2 protein chains.
Amino acid sequence: MANATPSSKSKAARMKEDTVVDLSAIRTTCQNCGLYKLCLPMGLAEGDMDKLDKVIKRRRKIEKGEHLYRMRDTFSTVYAIRSGSVKTYTSIENGSEQVTGFHLPGELLGLNAVSTKFHTDSAMALETTSVCEVPFDRLEDLTREIPSMQHHILHVMSEEIQSDHCQLMMIAKMPAEARLARFLLSLSNHFDNRGYSSSEFNLSMSRNDIANLLGLAVETVSRLFSHFQDQGLLTVERKHIVIHDMDGLMDVTTKCPSQPLPNDSSSNQAS
Amino acid sequence: MANATPSSKSKAARMKEDTVVDLSAIRTTCQNCGLYKLCLPMGLAEGDMDKLDKVIKRRRKIEKGEHLYRMRDTFSTVYAIRSGSVKTYTSIENGSEQVTGFHLPGELLGLNAVSTKFHTDSAMALETTSVCEVPFDRLEDLTREIPSMQHHILHVMSEEIQSDHCQLMMIAKMPAEARLARFLLSLSNHFDNRGYSSSEFNLSMSRNDIANLLGLAVETVSRLFSHFQDQGLLTVERKHIVIHDMDGLMDVTTKCPSQPLPNDSSSNQAS
DNA sequence: CCATGTTCTTGATCTGGATCAAATGAATAA
DNA sequence: TTATTCATTTGATCCAGATCAAGAACATGG
């Protein structure tokens, strides 16, 4: 659903109106979007692609600090990130907030609101960000026409659940240094998948946001960055990260204390 | 989690039936299952119910400690819990495990495996448990015939995501006593929804499992139970819990240190 | 340019909850 | 019945990481 590289004009001319006035000349479609492999189901037929293209409103631009949606907003739209980055977070009664994730181009946002009809988290751009908007009811109709599309939606949601479980385990069980190392490797991996350098990149989020996601204090995150640098694992200068020793970082990831004995099965037993 | 004190007998009677040996004669259908309101979409037409009934294999009985499925098993079936209770957990490379949830009658299990085609968590019965099995490919076909069914699947998954986010926030931000209080209130609430007493019930899971879910040590959980009892909030005797002061427990829930000032909006800003 | 507010870093302390240790209670098996 | 094993409780100690404090590096607006 995200279109990054505009090209085929002729096909686009047939398209319906979209909200952006002065970009109407540059009609991009899912077909020629460099990200479609990330946000669309594999193996869509040509005709199916066209159906999808008719449903999508393209290109909403969000400035840094602006919200894509806020908690309690009514849910009507799913977003595909085209460029930039977004953080999602929920806030609890008392006002404290919990960052639930950072999202990069190719990711689908907003699906977790399906059950409530209003958003239960907020999504804020960490930098200038552009997204494709997909009206959910239209998308839901489409899923009935295109089986692989339905499967894809389920796919995306189940991946979110799995990543949340992973995050849970991390916060509950891993020491601070392993959490940060994992976070950096996961970012590195995402960039790799998107064709960027996996060893050198800029963080678009603040130390505060990172700390929050990982369940740590800002000071701890800052100190860990310094420690990693002292150990020669990476170089960090404000937002700029260069990873020197990927394997070393990987090792930090698995440094968990009190590993149960290999033959420990007791914890698998019911009460 | 648990067989508690039934407040509505008719419902309880239905829950008990599957422990009896030869029930093959008594064909139950979704229509007359006391739990259908919990595990089925509302407003299914009569004909739709029949279609669903044809797809469902009823009544698989699982003994305490047995697995419904294990991590890495190929995914083919979704399970609806009829009676009993189940814990789900994932294990990481080094062997330590993370309990991701406890599941009560009416809940749907296994959907999070959709994206991977094999399970990424394991599900173990905490007591004798009976489930309905639903072949996923058949279910997926059904969703195309019954729109509200598709919506329901999405509903269930998005609820799971939301509850995971809640869990994340809890582990990352709340002190131990608030986590346990929340856990008990959530259990209480579930029992309430299923027609059981919300103030008196049995825990089907071990202290170890509770500690694991909440990201705490067993000793901490045990101590907290004692503290709560000393404060007169509840009585605990092994697995048996009687809540005396629901509001008091609620207060513990919100006892989070370092609440941001009410006008604190800085943390919502991007870096 | 300077003034003001943010974000990030570093150091010094403090503490919630983990870990270690040991006794008790329940459940299961012989 | 008595071992044996596992679950739970309680006490004593320890430590990873939070909190407090104070600069340093940037950013933003006048």
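Given the structure is predicted, the values throughout are model-derived calculations rather than measurements.
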Q. Hey, does the side chain of A:S188 reach the backbone of A:S198 with a donor-acceptor pair shorter than 3.5 angstrom?
A. yes

Q) Just by modelled atom types, is the B:S130 backbone N or O under 3.5 Å from a matching donor or acceptor in the B:R60 side chain? A) no

Q. Would you say the side chain of B:R223 and the base of C:dG16 hold a donor-acceptor pair, judged only by whether the two atoms sit under 3.5 Å apart?
A. no

Can a side-chain donor-acceptor contact be found between [Y] and [X] if the only test is distance below 3.5 angstrom?
X	Y	result
A:H103	A:S85	no
A:H165	B:D121	no
A:Q98	A:T90	no

Write down the distance between [atom1] ([X]) and [atom2] ([N]), rounded to a whole number of angstrom.
X	N	atom1	atom2	value
B:E219	D:dC6	CD	P	17 Å
A:F225	C:dT10	CZ	P	12 Å
A:D230	C:dT10	CG	C1'	12 Å
B:L203	D:dT8	CG	C1'	13 Å
B:K173	C:dG17	NZ	P	15 Å
B:L180	C:dG17	CG	C1'	14 Å
B:Q229	D:dT10	CD	C1'	14 Å
A:I241	C:dC8	CD1	C1'	13 Å

Q) Any idea which heavy atoms bring A:K239 and A:M205 closest together, and the distance? A) NZ-O, 3.1 Å

Q: Apply salt bridge (charged side-chain N to carboxylate O under 4.0 Å, His left out) to A:R72 and list each qualifying residue two or more places apart in sequence or on a separate chain.
A: none

Q: Taking only the side-chain nitrogens and oxygens of A:S222, find out if one of them lies under 4.0 Å from OP1 or OP2 of C:dT10.
A: no

Return the polar atom pairs (N/O with N/O) between nucleotides 15-17 of chain D and the protein under 3.5 Å, or none.
from, atom 1, to, atom 2, distance (Å)
D:dG17, OP1, A:A176, N, 2.7

Q.
Under the criterion side-chain hydrogen bond (donor to acceptor under 3.5 Å, both in side chains), I'd like the reasoning laid out for A:E133 against A:T77: C-alpha separation, chi angles, the key distance, then a yes or no.
A. CA-CA 6 Å; A:E133 298 187 327; A:T77 313; 5.7 Å; no

Q. Which of the following nucleotides, C:dC8, C:dT10, D:dT8, is nearest to the side chain of A:K239?
A. C:dC8

Q) Using the C1' atoms of the five pairs at each end, what is the angle between the end axes of the helix from C:dC1-D:dG30 to C:dA30-D:dT1, to 10°? A) 40°

Give each protein N/O atom lying under 3.5 Å from an N/O atom of nucleotides 24-29 of chain D, with the pair distance.
none

Q. For A:H119, which residues count as a ring pair (Phe, Tyr, Trp, His ring centres under 6.0 Å) partner, sequence neighbours excluded?
A. A:Y69, A:F75

Only distances under 3.5 Å count here; give the side-chain donor-acceptor pairs of residues 211-232 of chain A to other protein atoms, sequence neighbours excluded, each with its distance to 0.1 Å.
from, atom 1, to, atom 2, distance (Å)
A:N212, OD1, A:V99, N, 2.9
A:N212, OD1, B:K173, NZ, 2.9
A:N212, ND2, A:E97, O, 3.1
A:S226, OG, A:S222, O, 3.2
A:Q229, OE1, A:V236, N, 3.0

Q. Does A:E127 come within less than 4.0 Å of A:K64, counting only side-chain N to carboxylate O?
A. no

